[in-house]
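What follows is a set of notes on a single structure, which appears directly below.
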Amino acid sequence: MDDLLEYSDAVAKYDPVLGLEVHVELSTETKMFDAAPNAFGGEPNTFVTPVSLGMPGALPVVNHRAIEYAIRLGLALNCSIAESCRFARKNYFYPDLCKNFQTSQSDEPIAFDGYLDVELDDGAVFRVPIERAHVEEDAGKNTHIGGEGRIEGADHSLVDYNRAGVPLVEIVSRPIEGAGERAPEVAAKYVQTIRDIARAIGVSEARMERGNVRADVNVSLRPSPEAPLGTRTETKNVNSFRSIATAVEYEIRRQGAILDAGKPVLQETRHWQESDGTTLPGRVKSDADDYRYFPEPDLVPIQPSREWVEEIRASLPELPAVKRKRLQGEWGISDLEMRDVVNSGALVLIEDTVKAGATPGGARKWWMGELARYAKDHGIELADVPVTIDHVAELDQLVEAGKLTDKLARQALEGVLAGEGSPSEVVAARGLEVVNDDGALLAAVDEALAANPGIVEKIKGGKVQAAGAIVGAVMKATQGKADAARVRELIMERVAQS
């Protein structure tokens, strides 16, 4: 492992500067320049056409919906939309692009000069400047056989071209300065905010585990904020928020140790190692890389009309930051509680559960409580727990109607999670419904009072807290199916009458 400086020492001695290139795959039905399906999975090399495979004479055609999605994303990132832009050929050896160049945009991006306000965990807002958001095609996927999945030491490599040609937008930030010790958090939250926006406006499924969103993370250090920018490294294709934060922290510590030793940082690409949270050197990289861009001769320029751009702007839904503020007010929760909801991935789940008929408090209680614990215990995402939005709403309605206590509701939820049916079906099968018959409750109360005359005298003497013992006895007698509040009322009435 590389020599590392303590993180606190590194950020005390040096000013970190970030640069993030975020790739967002667009969820169009077909690929960027041909009619091959844009779908995840499938047998290798089945989602292809002659264009996907770069066959001689196969001509590309621009996907209109991909351009619309790119404009939607650019507008959501506060970018200006170009009146005219065009595609270029980026000449670089791509073993997973048969034509051996990438169709991208170089000096004429479709969106430029934007920014994104990123909310951090303590509520502070950090503005990230965006240089550009350009459209390009994705590459295929290489699988290296042997060498523990890396090309070094591999016996051979297999190439799947199903992803080749999938439309994506690359969002390139300007240098991100002023983050200081919070640089890892800023980087992760920035990518998360882009992910949330892409989902909210319907341009991408934005599933990081599928590579729909991934980031190249640039990090450099300088002696002070007034000094020129330092030499940067670029860690490629990091695809989880935790990994983005860890990669930034690791590079700050690694570069800090190099500078402390009086050595220069080498400008290079780095490969993220998920297994141990480190980066490994890739290829030496220069700011003057010559990709020999030239205009794509088979595609005409893109010239979105101002009317179309404004129609797209008007069609944008409520963006996540605005929605969070609105829901926070409607639900009556604090900033900290809302941040907990967002960080747990429960916001949409709670919102949809409320729409299905649950109270905001009930929806939040079940998703943030029992269901969050279940997800953690089973090592799954909260959205993947085996219950539906309607199940949770129904459970809350049963509690609100007085048909279940919280304790009984938890038992009903256990049955739902075990696949026993809906909450109502589990309640009926297990006999969980609250006993609301005052006659049955009075019988249990009278029996408990008769068995505990000393407690009755204490209650008469003003020690009303002693009634808790009688409540407990009645709950035991009814197998926990009584409404404790109603039981207490009946106890006090009976004692007053005696």
Side-chain angles (χ1 to χ4, degrees), residues 21-55 58-74 76 87 90 94-105 110 133-145 149 157-171 191-192 194-216 236-240 296 298-299 302 312 317 345 348 380-381 383-384 388:
E21 300 163 22
V22 182
H23 300 78
V24 179
E25 287 187 343
L26 304 179
S27 56
T28 53
E29 291 184 7
T30 56
K31 293 185 179 179
M32 187 65 229
F33 301 113
D34 67 283
N38 176 13
F40 180 80
E43 290 296 316
N45 300 309
T46 55
F47 300 156
V48 295
T49 69
V51 175
S52 304
L53 298 176
M55 302 297 286
L59 295 177
V61 177
V62 172
N63 185 326
H64 182 276
R65 183 56 57 85
I67 297 300
E68 177 191 338
Y69 281 5
I71 294 173
R72 287 173 70 84
L73 187 53
F87 288 98
K90 179 181 179 183
Y94 288 95
D96 40 13
L97 276 175
C98 290
K99 58 192 180 183
N100 205 27
F101 64 84
Q102 181 186 41
T103 305
S104 182
Q105 293 182 319
I110 196 167
H134 63 264
V135 184
E136 61 187 22
E137 61 181 338
D138 211 343
K141 181 180 179 181
N142 296 312
T143 301
H144 306 298
I145 308 302
S157 298
L158 302 176
V159 185
D160 178 6
Y161 291 103
N162 280 350
R163 196 176 64 185
V166 166
L168 61 79
V169 172
E170 180 176 347
I171 303 158
V191 179
Q192 181 178 351
I194 290 176
R195 190 278 308 268
D196 292 346
I197 288 174
R199 284 182 175 175
I201 65 176
V203 303
S204 176
E205 293 183 1
R207 296 180 62 170
M208 298 191 76
E209 76 277 9
R210 291 186 174 182
N212 298 148
V213 176
R214 52 193 190 269
D216 297 339
K236 304 289 287 186
N237 292 326
V238 191
N239 65 349
S240 78
E296 169 55 70
D298 293 329
L299 294 172
I302 304 297
I312 295 173
V348 174
I380 60 176
E381 296 294 324
D384 294 330
T388 67

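If you read the sequence from its start, that first residue is 1, and numbering goes on from there.
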### Message
To check you understand the geometry: which heavy-atom pair defines the closest contact between S52 and A36, and what is its length?
### Response
OG-CB, 3.6 Å
### Query
Do side-chain atoms of K31 reach the backbone of F47 as a donor and acceptor pair under 3.5 angstrom?
yes
### Task
For residues F33 and D298, determine if any side-chain heavy atom of one lies less than 4.5 Å from a side-chain heavy atom of the other.
no
### Query
Distance from I194 atom CD1 to S204 atom OG, nearest 0.5 Å?
11.5 Å
### Query
Can you tell me if NZ on K99 sees more than 12 non-hydrogen neighbours from other groups inside 6.0 Å?
yes
### Query
Is there side-chain contact between M32 and F87, with heavy atoms separated by less than 4.5 Å?
yes
### Message
Using side-chain heavy atoms (C-beta onward) and a distance below 4.5 Å, is D34 in contact with V61?
### Response
no
### Task
Please answer whether the main-chain N or O of E209 pairs with a side-chain N or O of N239 as donor and acceptor at a distance below 3.5 Å.
no
### Task
Please check if the side chain of N142 supplies one atom and the backbone of V159 the other of a donor-acceptor pair under 3.5 Å.
no
### Message
Are I171 and V24 packed together at the side-chain level, in the sense that at least one heavy-atom pair is separated by less than 4.5 angstrom?
### Response
yes
### Query
After noting the C-alpha distance and the side-chain angles of K90 and F101, does the key distance pass the side-chain contact (heavy atoms from CB on, under 4.5 Å) rule?
CA-CA 5 Å; K90 179 181 179 183; F101 64 84; 5.9 Å; no
### Query
If you round to the nearest 0.5 Å, how far is CG of L168 from NE2 of H134?
8.0 Å
### Query
Counting only heavy atoms not in R199, do more than 12 sit closer than 6.0 Å to its CZ atom?
yes
### Message
With heavy-atom distances below 4.5 Å as the criterion, would you say the side chains of Y69 and S27 are in contact?
### Response
yes
### Summary
Residues T49 and A35: closest non-hydrogen pair is CG2-C, 4.3 Å
### Task
Start with the C-alpha distance between I145 and L158, add both sets of side-chain angles, then the distance that settles side-chain contact (heavy atoms from CB on, under 4.5 Å), and finish with yes or no.
CA-CA 8 Å; I145 308 302; L158 302 176; 4.2 Å; yes
#### Entry: Derivation of the side-chain contact (heavy atoms from CB on, under 4.5 Å) call for V191 and R195
CA-CA 6 Å; V191 179; R195 190 278 308 268; 5.6 Å; no
### Query
OG1/T46 to CD/E43 distance, rounded to the nearest 0.5 angstrom?
6.5 Å
### Task
For L97 and A164, work out which heavy atoms get closest and say how close.
CD2-CB, 3.9 Å
### Summary
On a heavy-atom basis, the closest approach of N45 and Y161 is OD1-N, 2.7 Å
### Message
Whether the side chain of N63 engages the backbone of T30 through a donor-acceptor N/O pair (distance < 3.5 Å, no angle test) should be reported.
### Response
yes
### Message
To check you understand the geometry: which heavy-atom pair defines the closest contact between N38 and T28, and what is its length?
### Response
ND2-O, 3.0 Å
#### Entry: Side chain Q105, main chain I110, donor-acceptor under 3.5 Å
yes
### Nearest-0.5 Å distance, CZ of residue R210 to CD of residue E25
10.5 Å
### Shortest non-hydrogen contact from A70 toward V135
CB-CG2, 3.5 Å
### Task
Apply side-chain contact (heavy atoms from CB on, under 4.5 Å) to V169 and V203, showing your working.
CA-CA 10 Å; V169 172; V203 303; over 6 Å; no
### Query
Do side-chain atoms of S104 reach the backbone of E136 as a donor and acceptor pair under 3.5 angstrom?
no
### Task
May I ask you to test the E137-Q102 pair for a side-chain heavy-atom distance under 4.5 Å?
yes
### Query
Can any side-chain N or O of R214 pair as donor or acceptor with the backbone N or O of V238 at less than 3.5 Å?
no
### Message
Working to the nearest 0.5 angstrom, can you tell me the gap between D138 CG and N162 CG?
### Response
12.0 Å
### Task
Report yes if the side chains of L59 and V51 come closer than 4.5 Å at any heavy-atom pair, otherwise no.
no
#### Entry: pair P317-I201: side-chain heavy atoms closer than 4.5 Å
yes
### Query
Does the pair R207/E381 count as a salt bridge with the N-to-O cut at 4.0 Å?
no
